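In what follows, chains are A, B, ... by sequence order, proteins preceding strands, each numbered from 1. Values in this document were obtained by computation on a predicted structure and should not be read as measured data.
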Protein chains: 2
Amino acid sequence: MKITEYNETKIQVALDCIIFGFDQEQLKLLLIKRDFEPEKGKWSLMGGFLKAKESLDEAAVRVLHSLTGLSHVYMEQLSAFGGVNRDPVERTVSIAYYALINIQEHNHELSNDFGAKWFDVEDLPHLIFDHMDMVQEAISRLRYKASVKPVGFELLPEKFTMRQLQKLYEAIHGRKIDKRNFVKKINSMDLLIKQNEKDKNSSKKGSFLYKFDKTKYNRKSENGFTFGI
Amino acid sequence: MKITEYNETKIQVALDCIIFGFDQEQLKLLLIKRDFEPEKGKWSLMGGFLKAKESLDEAAVRVLHSLTGLSHVYMEQLSAFGGVNRDPVERTVSIAYYALINIQEHNHELSNDFGAKWFDVEDLPHLIFDHMDMVQEAISRLRYKASVKPVGFELLPEKFTMRQLQKLYEAIHGRKIDKRNFVKKINSMDLLIKQNEKDKNSSKKGSFLYKFDKTKYNRKSENGFTFGI
DNA sequence: TTCATAAATGTATTTATTACATTTATTTTC
DNA sequence: GAAAATAAATGTAATAAATACATTTATGAA
């Protein structure tokens, strides 16, 4: 840190948010249509600039809130993107964050005013600047994170079926999972609370709903348990 | 990105390098004694400021080179640190990088002029600012990375013994490993080339030297193989 | 009552991980 | 030159985890 004397080179610092959602079938990304130049009309991640009196984490929360109305959302820093010409207007370093949101429970907050739209991660439009690199890195981080921490539940409603949970993991990892083995694995962690209710949307028989037991997870974590899927 | 109009808030962007080494027994960190205020005389990571015409990656390489003389070193971005008061002099966002260097083969390049010193990661001095947070995150990233990519070899000389490799992994993960199981695991990946030479420094019998076969690793990776230890 | 549909469930096989002790090659010492 | 000392090299059995795979069950609709 600061080996040489005071240095006047200051740079614009931006934040970009990769917002993941899950619609029961596919992993989705929330994108916004830019309404100003350059690249006006092109799809973009949600972004904004860092202010002098806020931390990066605070700024990311603010940017997400100001562009979507969402708050109390799982968010984590991905990394910094600092190619010299990544923003054609001016040298900008951008700190990318990813957020996991539960589409069904937050969709009402998500006003349409901003021209935001959900896209299937498998079928994204062209994105401005280096946003596609950010998205790639975010997917790969999400894959890792979801396999070692129970962050997947952030993408599901509070109550969900085993099949929804399985579909979520299939979407995150981009591959099919055997349902008997999946259920066995989930049950062996003993972290879900089976509800006395069924979801009858997808079958006549109906399938039981479960909740993630966060308290139990925290207790187990303290005792050396690690989530793994 | 840039949702609001042009924004004049510019911020100092710094880089800090967490430099790991391995001395055959312990994981080490290269630290420097600050020779200017604030915190003059305190131990610090190697750092510098981002210049207008260089990318973050380029800047990290430059900073490392200018403070240690080292180049062609494994380096990767960790993440950005942006607490409002992390630097008491001026608002600064710092992008942390970690580097893996092979102490024995690079020690001659590492001139003493800078007051740099290797410290055992288990026994670090007090560090300035949020540098200890950076170090913690770097250790945890290194643990992950070394378990899924063959980056550990960056910390060893070109030729090394099985026992040195094992000690390295023990140091990275901070726990003992059974030597028979370790050798079995390593051999099962079939990535080392056994040399017709022995290292007799540590025993009368001597132990065979090995090289990591990078070409073979690349070939295998392309065919879906993933390093795992 | 039958049909259609997705839900729920179990076992055997293979693979990976763990635990654990003896023999071997060489140098040093007597 | 024999004995002692030292770390290297090596294998097997037990346990745990991952995988492959098919049938029965509950329910609503026809």
Applying the ring pair (Phe, Tyr, Trp, His ring centres under 6.0 Å) criterion to B/Phe160, which one of B/Tyr169, B/Phe212, B/Phe153, B/Phe22 satisfies it?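 Exactly one pass, corresponding to B/Phe153.
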In whole angstroms, how far is the [atom2] atom of [N] from the [atom1] atom of [X]?
X: B/Lys179; N: D/dT6; atom1: NZ; atom2: P; value: 14 Å
X: A/Arg175; N: D/dT19; atom1: CZ; atom2: C1'; value: 13 Å
X: B/Met162; N: D/dA7; atom1: CE; atom2: C1'; value: 16 Å
X: B/Asn181; N: D/dT12; atom1: CG; atom2: C1'; value: 11 Å

Identify whether any heavy atom of B/Lys185 sits under 4.0 Å from a base atom; if not, whether one sits that close to sugar-phosphate; answer base, sugar-phosphate or nothing.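 Sugar-phosphate, no base atom in range.
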Tell me what A/Lys184 touches on the nucleic acid: a base, only sugar-phosphate, or nothing, going by heavy atoms under 4.0 Å.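 Counting heavy atoms under 4.0 Å across all strands, the contact made by A/Lys184 includes a base.
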Residue whose nearest DNA chain D nucleotide is more 5′ - A/Ser203 or A/Asp178: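 Upstream on the strand: A/Asp178.
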With nearest nucleotide decided by heavy atoms, which residue, A/Lys205 or B/Gly206, maps closer to the 5′ end of DNA chain D?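 Mapping each residue to its closest nucleotide by heavy atoms, the 5'-most match is B/Gly206.
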Closest approach of A/Arg141 to A/Gln77 (non-hydrogen atoms, all atoms of both residues):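 Looking at all heavy atoms of both residues, the closest pair is NH1-O, 3.4 Å.
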Of all heavy-atom pairs between B/Arg143 and B/Ile172, which one has the smallest distance, and what is that distance?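 Shortest heavy-atom separation between B/Arg143 and B/Ile172 comes out as NE-O, 2.7 Å.
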Between A/Lys204 and A/Arg163, which has a closest nucleotide on DNA chain C that is more 5'?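 Mapping each residue to its closest nucleotide by heavy atoms, the 5'-most match is A/Lys204.
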With B/Tyr97 as reference, evaluate B/Leu78, B/Ile18, B/Asp16, B/Leu56 under the side chain to side chain contact (heavy atoms under 4.5 Å, CB included) test and give the passing residue.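 With B/Tyr97 as partner, side chain to side chain contact (heavy atoms under 4.5 Å, CB included) holds for just one option, B/Leu56.
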Which two nucleotides bound the region of DNA chain C that has atoms under 4.0 Å from heavy atoms of chain B, read 5' to 3'?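 First and last nucleotides in contact are C/dT17 to C/dT27.
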In the structure I gave you, are the side-chain heavy atoms of A/Phe81 and A/Met134 within less than 4.5 Å of one another anywhere?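 In short, these two side chains touch, coming nearer than 4.5 Å.
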Could you please spell out the steps behind the side chain to side chain donor-acceptor pair (under 3.5 Å) verdict for A/Gln26 and A/Glu122? CA-CA 8 Å; A/Gln26 285 293 333; A/Glu122 307 277 305; over 6 Å; no
